[in-house]
Every structure is written in C-alpha cells, then in structure tokens.
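See structure below.
Convention: sequence-line order gives letters A, B, ...; per-chain numbering from 1.
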Amino acid sequence: MAEEGKNSSMRPEFPTGRVKKIMKLDPEVQRVSSEALFLVSCSTELFLRFLAEKSAQVAIEKKRKTVKLEHLRMSVKRHQPTSDFLLDSLPLPSRPVDRPTKDRRQSGPDGDKLPPPGTRRIDHFFRKPEEEAPEPRDEP
Amino acid sequence: MKETEKVVPEAEELPKAIVRRVVKDELSRCSDGDISIHKDALLAFSESARIFIHYLSATANDICKEARRQIINADDVFKALEETEYSEFVQPLKASLEEFRRKNAGKKAGASKEKEEKKKRKLEDESSEKDEGGDNK
C-alpha cells in the first residue's frame, strides 16, 4: 500500500495556524512543537482521505453517484476506531430516513440519542482516557 | 470567560475549500472521477476532521503529560496514532516528517552557521593576539 502513485511525503494541505487554533480550543493542550503540529495536520488530511474513501465505497455499494451523509455515517459505523469517537457527533440526516436500505441493524431515528453502553462519548477524550482499555471498567 | 465550542466562529474550522479539495481528490482517485459529494456530507466531513484533530491532540497531550513534558512532540503524536488505532498513518507520516526535518535543518543550519562563524572568528582573533604576546609551551 506504500506506493500508490503518490509521493510518500506530503505537505499538509491544511493551514497549520488554523489547525493549531483548533487544537488549542482544548484548554489542556498548551504547547505543541512545530513537528507535532505538522504531524497533526498531515494526520487529519490522511483521516479525511480515509473517510472519503470509505464513504465512496458505501455510495458505490448502494449504486449512488453522490456521497451523502448516510454513506458517511455508514462508513463510520463500520470502522470501530472511528466510530468510537465520531459516531455520536455526526449529524443525523435532516429528514426521517425512508430506509432505502434493508439493513435493520441501523438504529432508528431516536435510537441515536442514547449511545449504547460501552461507547465513549465525544467529550470523553477531553477527560483523561482510560489506559488502553477497549471496554470501560469501573476501577475500585 | 471561555467560549464553549458551539459558539466558535468560522475561524476555528478548517477552510471549507480545502476540505472539499481533499475529499474530492480522494473521491476521484477511488472512482475514476465518477463520484461527487453532497453539500451536507461535506459539512460533516469538515466537522469530522475537526473532531479528529481534538481527539488526536488530546491523546497526544495525555501521552506528553504522562512523560512529564510540557511540549507535545512528534513522538507523542505517533504514539497517539497507535493508541487511537490509526497506526496505518504512521509510516507515511514518518517519511513526511523526515522531509520536514530536512527542510528545517537547512534553515536552521543557515542561521546557526553564521553564529558559528562569528564565534570562530572571535576565537581566532583572540588566539592570534596571544601568540604575538609570547610563547606558551
């Protein structure tokens, strides 16, 4: 996967100043080296590309030519590490879904209000995360 | 006095045009240019990227604090990527980082070279004076 016709090195597309501002919205984040900032910017771009690719796959599966919100949602659901921090924050489709998919496992329109137990909320990472615990535990 | 995230102005979001460019670029790679993106989805992409920045930074920050340092460095970010299960990003990023370092080293070297030369000259002047002063054996 290393060579896909692209240089392995990349210049971040995103303006690092803006990325830094976003990072610093978190009061716990104080000082960041220029290298770290560079890496966060590049990582974000890689992440975006990753999401785009996955969403495109879903759209293609459903024989659509336009990637829509529901495709993005589905691709997020399918990838656990992403789902963990992102699913709750994704906007719901603006109108009640006609459920073109036969996938019953999708939670209904109100199902998303209560995240299933074991899911981390988006603001979880603003607090101290557990030490590599895949499932949350109550520590005595 | 701190504004919560909801009230954040556009300055704290990623530039829409760039998000669109990156996403569209990737879409055309995946689909021979066939696939496009809906406006609402684009907003969600932008928001997702922003959340990712938070997620990654917070994780890197924790790692940094645990190591009792004040400044988040490259290594913290790499570890954070592993911890958040995006280790597939690490290899390409390492390559990019090398180039980034090379570029910066060039700049730094230019600046510090001047310093070095100034220092050298000073020393040379001083030592030549000594020599004239007398023989130190």
Given A:Val29, A:Leu37, A:Val19, the one with more heavy-atom pairs under 4.5 angstrom with chain B than any other is A:Val29

One option among A:Ile60, A:Val40, A:Val32, A:Leu48 has the most heavy-atom pairs under 4.5 Å with chain B, and it is A:Leu48

Minimum side-chain heavy-atom gap [X]-[Y] below 4.5 Å:
X       : Y       : result
A:Leu87 : A:Arg73 : yes
A:Met74 : A:His71 : no
A:Lys21 : A:Leu25 : no

Interchain contact, [X] with chain A, by part (heavy-atom threshold 4.5 Å):
X       : result
B:Lys24 : neither
B:Asp76 : neither
B:Ser36 : both
B:Phe45 : both
B:Glu88 : side chain
B:Arg21 : side chain

- Message: For A:Phe85 and B:Tyr55, take the angle between the two ring planes, folded into 0 to 90°, and tell me which bin it lands in: parallel under 30, tilted 30 to 60, perpendicular over 60.
- Response: parallel

Checked B:Asp75, B:Val19, B:Leu42, B:Val90 vs chain A; the most non-hydrogen pairs under 4.5 Å come from B:Val19

Comparing B:Val23, B:Val22, B:Leu43 against chain A, the one with the most heavy-atom pairs below 4.5 Å turns out to be B:Val22

Cut-off 4.5 Å, heavy atoms of chain B, and the answer for A:Thr82 is both

Cut-off 4.5 Å, heavy atoms of chain B, and the answer for A:Leu51 is both

In short, A:Arg18 meets B:Leu14 closest at the heavy-atom pair NH1-C, 4.2 Å

task: Return yes if some donor-acceptor pair links the side-chain N/O of A:Lys24 with the main-chain N/O of A:Gln30 below 3.5 Å, else return no.
output: yes

In this structure, CG of B:Leu81 is separated from OG of A:Ser43 (nearest 0.5 Å) by 4.5 Å

(Q) Looking at B:Arg69, I'd like to know if its CZ atom is crowded, meaning that more than 12 non-hydrogen atoms belonging to other residues, nucleotides or ligands lie closer than 6.0 Å. (A) yes

